[in-house]
Amino acid sequence: MYKVLRLFLTVLLFGIVTGCGDQRILEKLGLIQTTSYDIAPGSDEDESKQKLLISVTIPRPDSGTGTGSGGVNREFLTAIAQTSKGGRVNLSRQTELQLVSGQLRNTLFGLSLAKQGIWEHIDTLVRDPSISPKVKITVVNGNAHDLLAKNYPFHPRTGQYIDRMLEKESHSQVVPSTTLYQFTKDYFDDGIDPIAPMIKEAGDNVKIDGVALFQKDRYIMKIEPKQALIFAMMRTDIKQGDLNVDLSGQNRNNEHVTLSSLVSHRSVHVTPHNGNFRVDINIKVSGSVLEYIGVLDLENDKDRSTIEKLVSEYVQANANEMIAVMQKNRVDSLGLGKNIRSTLHYAQWHKMNWPDTYQRIEVKFHVNVRIKDYGMFTK
Amino acid sequence: MREKLHPFHVGLLVFMVQAGVVSIFLPRMLAQYMGYNGWVSLLLFSAVATFNIFLISVVYRLSDGKSIFQIIEQSLPKVIVFPLYTVLVSVWTLIGCIAAKQYILLFTVFVFPTTPPMYMKFLFDIIAYSLITKGIYNISKAATVFFWMVIWTALLLLFFLKGFEWVNLTPFFFKESSDVIVGGLSIFTAFLGYELVLLLFPYVNSKKGFMSAVYFGNFLTTFIYLAICLTCFGFYSFKQLTRMKFPLIDLLAYIRLPFVERVENIFIALYLVSALMSITMYIWAASETAQSLIPRASKRWITGVLVCGAFAVSWIPDVLSEVELWLKYLGYMASGIAFGLPLLLIAILAINNGGKKLV
Amino acid sequence: MGISNDTREGAAFMTLFRRTNRLPGKDARRDDNRPNDDADVPPSLQHTLDNFKDCMDLVHHAFPEINVNLVYFGHLVGAEELSRDVTIPLTNIRENEVQALLTRNQYKLTTNSKSLIKGILNGEAAIFHNDNVYLMDVYKPEARSIQQSETETVITGPHDSFIETASANLSLIRRRVKSSHLKVIKLEVGEVTKSIVYLLYIEGIANMEYVRELTDRINLIEIDAVHDGNMLIQYIDDFPNSVFPLFSTTERTDTAVSKLVAGRIVGILDGSPSVFSAPSSFFEFMASPDDYYQRWATGTSLRVLRFIALFITLTFTALYVSVTTFHYEMIPEALLLTITESRSKVPFPPIYEALLMEVTIELLREAGARLPTKIGQTIGIVGGIVIGQAAVQAGFTSNILIIAVASSAIASFVIPSYVMSASIRLVRFGLIIMAGILGDLGIALGIAYLVVHLSGLTSLNSSYLTPVSPNNFKDWRDVFIRAPFWALRRRPSQSRSPNLVRNRMKK
């Protein structure tokens, strides 16, 4: 009859008996926010003997020096180890906190490491149940450790600064938001190659430096930041973005257009073509012109359609340029393989060697730009 | 005034027993064993389960609501009945306890890596025991509340509409499948649980609604499984899915709400209730059977012994892979029972009735 | 106490006390007409006076000229009633007219001693004439005036509430239900106090099985005294060991009437303003009359708000403990530093921190309830400042916890029934402890156990969790929401009314 009481006592008893081995009391934890991976300097040339330079940042609310200007309110730890988890053991020797990765937001990979392939490190991350699938993957053009170690005067907490910047930039589609989930998904998919945003150190700031394209898990090439938005349009639908167009490529010197609030829609059509494939990518873009420097008159319907045409050509030219390089480098970052796969039978798909075929396929972009409006003030 | 089970509750009860911890790795199993677009094969498994339920409904029709123990004992000699019951009791008890152990071990992967799992299992079993001793009517009442506690989480799948890509599904069907037979049997165990309605015959009130409720429960299970698996196949790439241990948990981990992140922590804990329902119903079934084996023993006592026995047995396998192995073989046995028992009963009833009412 | 010095009666009490108070069962029906020694004794003045020996508040009036003796308790009778119905008629007549006067039917002839004594105790005047005894009801006790309920207030709607006098309460209900179908059963509880219980039901709407069951259970009560309706229901509900109240009680007349017309049985205990109704379900405790007096959309949002409050009360602090002890990864980035910072100075693990604050809040609440209103306010302010500000500044607790504890305390008071809200606050402690031991799994285990417990409960043999299980979607519109009145066409399924339809209007 006193079941409730009995249950209560059992629970209490067991609570005391079992102790608190698995407790993760918040203030006793070192919540790793950002991790960076590099090849340790002075390492062997032989990949299998190379050591790893691992650094982590841990935001600390109460670091002695306080939050005043110049105050350090993060803990920065570095270790050199054979594997990433091995590095963790090494790192935790340096702090009174229990290092945990449940609040990990971002992982930075140094360029040299990225060139060798990063899957084994990603694998460690994916395996750990405490790590969120939303952890970002970023390539650092240069040395990730140095970028993370540095304190940027206007941005306390470097890790958080980079994280927020990437968040903002991926919102406006300048860089893709590559998470563990996304990377793993593309890594395992045979019809697409992963991509990741790229950043680099620039004096007192960190700067977005385009998009890193991988072949499987190896970094191959990058997209320049000024082409990043067009790359995004080629890759997916975008919901918001700003495109700055220098029309000099279209033989119109000193003419500039800025399209804001860009919305684009992409559709892919695959047609088998003489044992090869022809891929038509239609990109419909609409946006408003808030800045135009040049001779044409925005009020004029004809002039406006000229601008639309010019911008379309610009986008198309850039797209063609990029796809050519990508095909040369055999990186299918647009996921064209997925689209082609959808039109094939299983045997056909597996008979053909996709990376080889990829180099041969014909990719055509059809860009259609529409100017929705042109501001609230006339000349 | 003995309450009878309403069809609606039977339906929910069946759903709660069927849907269990398996749904956490079901998408991976489908990808692994059934290959590309393995989720489609769920329909096939569901059809098999539906056929099995049809067999049960034949038994129900022929039995006129009599308890199956009555039917068996009337026609079969004690020599056969005794071992049959013993097998039923042991398989059902073991399934109950090992499924619970699996859930607990699963939880320790995520949150309590060093807490002794048997301690959590102990608390779990206390709850199961106190539910079983309350009788089937109260079990079904609890099942209904648990159902509402769990079912709304299916709405979370809407969260993945955005990341869902049809192109991930690929046009390939069942390519790169492996171990279709063995894997298929394992997947089929995800549907098990409906066979326990055989024991519900004396407890239901309306003749016509009962079996349709069981079909409904099975349909609901199929629907939820399909929704989960389709989402996984469309959200993850195929090869990735075959490598994920717990796709459903990964899926939940992806959800980020303004006030809380990593909601999988809450939801794995919440899915405790469906694991609880499975263990409860299986041990309940075992104790019903044991009761007919030893009619003089008190129910409370039988349940106590069974729960303690189950607890003791679940000490033995102590790593997840061992538990999965046990569960695989127990699943085969339970599938055997699910088909064998109704067939046996149909045979008995057909002989008794001279085949008159069979059609 | 001077109630009775009759040794035989006293001995009877003692045996009753020794009997265990058991759960009422069907077959254990007590024979109500237990033979009593007094029943056989013919009523006489001497016997009555012996019975009331040492009761100095007894008034004994003699009218020797007409051979009449008058016995009553002065403080139980109304002076006006007494003089109008008894004293004045008796003083103005001669002896030969007395017999004629007393045969008028308002004077009850009494033939046994027990009912005579009971009558006097119930405020009747006993008139002894020759060998006959007549009782005249002149009962008019001192009573509190009808005021607004302090525990169940509403903003709009009737403001009168029950008082301690059962007759006044009955009248409040009768005034609202002008129907001969409103039936009243009079029962008695308390071997010493002989408190009267009235069971009210509406014939044709209430299920008679419930009426019988309830009558049986009340008849089974063998205890010296029952002081309050909330106490009475603990003797008659199905699971006396449960944390939850199984019958709902109210001080509000409109609530009681609404329960009556919903087909439930209402019980009034004389001497208590708390009126109970049965059967009840868990969800009934979440409803307030306000829901019906406001527009349905407002009413619905209030209902939803209350269920949110229930959730907050049960889980908020537990979640705080669970998250800060085990599941740090659940904290969103934006809150992470705030929470870490506020926790960093706290010297205790979250579980102790939380229990400390919860106990403090309960102390404040209890102190506020015990003290006069004005001092209670001071306690509130002092408590608020000391606990809220100083504890955080001293690094005793984190301010996030203060928010969690305070919001769950506030949420607990949103639950309209005080008894239920107290039960839920108690359950919350269990969940907090479970959260401290096993985190989210602990909370889930706790809630699972709670559900298992709740699904085992019954109220008058009907499921406590109606209408969720057994499921009745039609009832949901008057449980989780408050649908417009045109949609509320049926009485709740729990009352198993023979007359289910309550609203026959066309849209």
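Here the structure is a predicted model, which means the values were calculated and not measured. So that the names make sense, note that chain A is the first sequence line, chain B the second, and so on, each numbered from 1.
Closest non-hydrogen pair, C:P470 versus B:Y137, comes out as CG-OH, 3.7 Å. In this structure, C:G439 and B:F112 approach most closely via the heavy-atom pair N-CZ, 4.1 Å. The two residues C:V451 and B:A142 have their closest heavy-atom pair at CG1-O, 4.3 Å.
With rounding to the nearest 0.5 Å, the separation of OG in C:S455 from CD1 in B:I139 is 9.5 Å. Atom CG of B:L123 and atom CG of C:L438 lie 6.0 Å apart (nearest 0.5 Å). One finds the CD1 atom of B:I104 at 6.0 Å from the CG atom of C:L441 (value rounded to the nearest 0.5 Å). The line from CG of C:L457 to NZ of B:K134 is 7.5 Å long, rounded to the nearest 0.5 Å. With rounding to the nearest 0.5 Å, the separation of CG in B:L131 from OH in C:Y449 is 10.5 Å. To the nearest 0.5 Å, atoms CG (B:L257) and CE (C:M330) are separated by 9.5 Å.
Both the backbone and the side chain of C:L445 have a heavy atom closer than 4.5 Å to some heavy atom of chain B. When heavy atoms are compared at a cutoff of 4.5 Å, B:L276 approaches chain C solely by way of its side chain, counted from C-beta outward. With a threshold of 4.5 angstrom between heavy atoms, B:V260 approaches chain C through its backbone and through its side chain. The part of B:L272 that comes within reach of chain C is its side chain, from C-beta onward, which places non-hydrogen atoms under 4.5 angstrom from that chain. For a residue to count as touching a neighbouring chain, one of its non-hydrogen atoms must lie under 4.5 Å from one of that chain's; by this rule B:F267 does not touch chain C. Neither the backbone nor the side chain of C:L454 has a heavy atom closer than 4.5 Å to any heavy atom of chain B.
Among the candidates B:W148, B:F110, B:Y271, the residue making the largest number of heavy-atom pairs closer than 4.5 Å to chain C is B:W148. The choice from C:V468, C:I331, C:T458 that makes the most heavy-atom pairs within less than 4.5 Å of chain B is C:V468.
Within 6.0 Å of CH2 on B:W301 lie no more than 12 heavy atoms contributed by other residues, nucleotides or ligands. In C:F316, the CZ atom is not crowded: 12 or fewer heavy atoms of neighbouring residues, nucleotides or ligands sit closer than 6.0 Å.
Between B:V145 and the options C:L450, C:V452, C:L465, a side-chain contact (heavy atoms from CB on, under 4.5 Å) holds for only C:L465.
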field: Derivation and outcome, side chain to side chain contact (heavy atoms under 4.5 Å, CB included), residues B:M149 and C:I447
entry: CA-CA 10 Å; B:M149 275 167 67; C:I447 289 179; 3.7 Å; yes

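For residues 244-260 of chain B, the set of pairs meeting the salt bridge (Lys or Arg N to Asp or Glu O under 4.0 Å) definition, not counting sequence neighbours, comprises B:R256-B:E261.
Residues C:S463 and B:K141 have side chains that bring a donor and an acceptor to within less than 3.5 angstrom of each other.
Residues forming a ring pair (Phe, Tyr, Trp, His ring centres under 6.0 Å) with C:F311 (at least two apart in sequence, or on another chain): none.
The main-chain N or O of C:N471 is found under 3.5 Å from a side-chain atom of B:H9 such that the two form a donor-acceptor pair.
Taking the six-membered ring wherever Trp is involved, the centroid distance between the rings of C:F473 and B:F8 falls below 6.0 Å.
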